[in-house]
Amino acid sequence: MLRAENLAKRFGGVRAVQDVSFEVAAGTVHSIIGPNGAGKTTLLNLLSGIEQPDLGQIFFDARALAGKPPHLFAAAGIGRTFQNLQIFFNMSAAENVMAGGWLHQACGLAAAMLRPPRLARAEQRVREEARGLLELVGLGRWADAPTEAMPYGALKRLEIARALAARPRLLLLDEPAAGLNPSETREIDELIRSIAERGITVVLVEHNMKLVMEVSQRVLVLHEGRKLAEGDPREVSEHPAVVEAYLGTEHA
C-alpha cells in the first residue's frame with residue numbers, strides 16, 4: 001500500500017531522516033520505533049505531506065505523492081494524528097470530529113454562504129458519522145461536551161476519531177499512548193486492534209514497547225535518522241543493534 005524510497009530530510013545541519021526505505025502492506029499494523037531524536041515524527045510528517053523530502057519518493061497505491069501538499073495526501077486516503085494534540089478547543093467533541101468528515105462532502109464556499117438544503121443534509125450526515133465514530137472510540141457521552149472539559153486520555157482518542165472521519169485507508173498515529181496511564185493505554189491498544197479489524201492499515205509511532213509488540217505485525221527501527229533494523233516484533237526486539245541503541249553498550 002505504501003512505499004518509501006530513499007527518503008531524506010535535513011533541517012539546517014541536522015539530518016533528521018537519512019536514506020530511509022520501507023514498505024507497508026495493506027491490512028497491517030506497522031510500527032516505527034527508536035530513541036528520542038531518531039527521526040520518527042519527521043518521517044510521519046513526510047508520509048503525510050506536512051514536510052517535503054529533500055530526496056526520495058513516496059508511493060501510495062503506486063501513486064507518487066512526494067512534493068504534494070498535505071490535503072492531497074488526505075484526499076488520497078492518508079490520515080494522521082499528532083504527537084502534540086491538535087484539538088479545536090473552541091468546539092465540542094462532535095464538532096472536532098465533523099471537521100474531518102467534511103473532506104468528502106461536495107460543499108464549497110458558495111454553499112456555505114447560501115446554505116441550500118443539500119448543505120443541511122450534508123451537515124446532518126457528517127454529524128451522524130461523527131457521533132458514530134465517537135461511540136467507536138468510547139467517547140459517545142462526550143459528544144456535546146466542550147473539549148476543554150475533557151480529560152487528556154479522552155482527547156487522544158478524540159483526535160483518532162477526527163482522523164477516522166476523513167475515511168482513511170492508511171492511518172498514521174504519532175505516539176497515541178504518550179502520557180496515558182496503564183488503563184488508558186489498554187484502551188488505545190484495543191482501539192488500534194478495532195481500527196485494523198475495520199480494514200484500515202495503521203502506521204504507529206510509539207515509545208510504549210509493550211503496546212508496539214502486542215499490536216504490530218512489522219516494526220521499523222530508526223536511529224539517528226537511519227533505518228537500523230526491520231522485521232517482525234520478535235526479530236526486532238532481539239536484534240543486537242536495536243538493543244545497543246536503546247540500552248547502550250557495557251564498558252569496563
Side-chain angles (χ1 to χ4, degrees), residues 36 40-51 69-75 77-105 107-109 111-113 115 119-120 122-168 170-192 194-195 198 200 202-208 211:
N36 288 331
K40 303 182 297 296
T41 292
T42 299
L43 181 56
L44 278 202
N45 288 343
L46 295 174
L47 298 179
S48 55
I50 291 176
E51 299 283 356
H71 70 275
L72 292 184
F73 280 73
I78 299 176
R80 73 162 295 175
T81 65
F82 294 84
Q83 182 178 353
N84 298 315
L85 286 172
Q86 302 293 319
I87 298 293
F88 301 115
F89 284 103
N90 61 334
M91 296 161 59
S92 70
E95 289 168 340
N96 266 270
V97 180
M98 289 173 68
W102 283 107
L103 178 65
H104 298 285
Q105 304 300 321
C107 298
L109 178 60
M113 295 174 63
R115 297 199 63 81
L119 179 62
E123 184 171 353
Q124 182 61 29
R125 287 195 302 270
V126 173
R127 188 176 298 276
E128 290 174 357
E129 289 179 7
R131 289 182 177 273
L133 288 169
L134 286 170
E135 291 288 348
L136 173 69
V137 302
L139 298 177
R141 67 187 182 91
W142 292 96
D144 298 315
T147 50
E148 60 187 11
M150 297 174 65
Y152 180 74
L155 292 175
K156 297 286 279 190
R157 284 180 282 147
L158 174 62
E159 200 169 39
I160 294 174
R162 186 179 61 199
L164 291 173
R167 304 175 194 170
L170 173 66
L171 181 61
L172 312 177
L173 300 177
D174 196 354
E175 298 194 26
L180 303 186
N181 62 39
S183 176
E184 292 169 328
T185 300
R186 283 194 298 273
E187 292 174 345
I188 291 294
D189 181 315
E190 294 168 1
L191 179 54
I192 293 172
S194 175
I195 291 170
R198 294 165 71 96
I200 299 172
V202 177
V203 172
L204 171 69
V205 166
E206 184 53 63
H207 281 291
N208 187 312
L211 174 63

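A pairwise comparison of heavy atoms in G49 and P70 identifies O-CG, 3.3 Å as the closest pair. Listed here is the closest heavy atom pair of N208 and L211: OD1-N, 3.0 Å. P176 and L180 make their closest contact through O-CD1, 3.4 Å (heavy atoms, listed as atom of the first residue, atom of the second, distance). Scanning all heavy atoms of the two residues, the minimum distance from A99 to R162 falls at CB-CD, 4.5 Å. In this structure, W142 and A149 approach most closely via the heavy-atom pair CZ3-O, 3.8 Å. Looking at every heavy atom in both residues, A154 comes nearest to M150 through CB-CE, 3.8 Å.
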Next item on the list: In sequence, state the C-alpha distance, the side-chain angles, and the governing distance for M98 and E129, and then conclude on side-chain contact (heavy atoms from CB on, under 4.5 Å).
Entry: CA-CA 8 Å; M98 289 173 68; E129 289 179 7; over 6 Å; no
Checklist line | side-chain hydrogen bond (donor to acceptor under 3.5 Å, both in side chains) between T41 and D174, worked out | finding: CA-CA 7 Å; T41 292; D174 196 354; 3.0 Å; yes
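For the atom pair L134 CG and L139 CG, the distance stands at 6.0 Å (nearest 0.5 Å). Between the CD1 atom of I160 and the CD1 atom of I195 there is a distance of 5.5 Å, given to the nearest 0.5 Å. Atom CZ of R157 and atom OH of Y152 lie 12.5 Å apart (nearest 0.5 Å). To the nearest 0.5 angstrom, F82 atom CZ is 11.5 Å from L173 atom CG.
Side chain of E206 to main chain of A177: a donor-acceptor pair is present (N/O by atom type, distance under 3.5 Å, no hydrogens or angles). Panel note: side chain S48, backbone L44; a donor-acceptor pair is recorded below 3.5 Å. For the pair T147 (side chain) and S92 (backbone), a donor-acceptor distance under 3.5 Å is absent. Side-chain atoms of N96 come within 3.5 Å of backbone N or O of F88 as a donor-acceptor pair.
For the pairing with E128, the side-chain hydrogen bond (donor to acceptor under 3.5 Å, both in side chains) check across R125, Q124, R131 returns one residue only, Q124. A side-chain contact (heavy atoms from CB on, under 4.5 Å) with V137 holds for exactly one of L191, L158, I188; it is L191.
Taking 4.5 Å as the limit, some side-chain heavy atom of F89 sits within range of a side-chain heavy atom of L155.
No side-chain donor-acceptor contact under 3.5 Å links T81 and E159.
A salt bridge links E123 with R127; the closest basic N to acidic carboxylate O contact falls under 4.0 Å. Between E184 and K156 there is no salt bridge, since no side-chain N of the basic residue sits under 4.0 Å from a carboxylate O of the acidic one.
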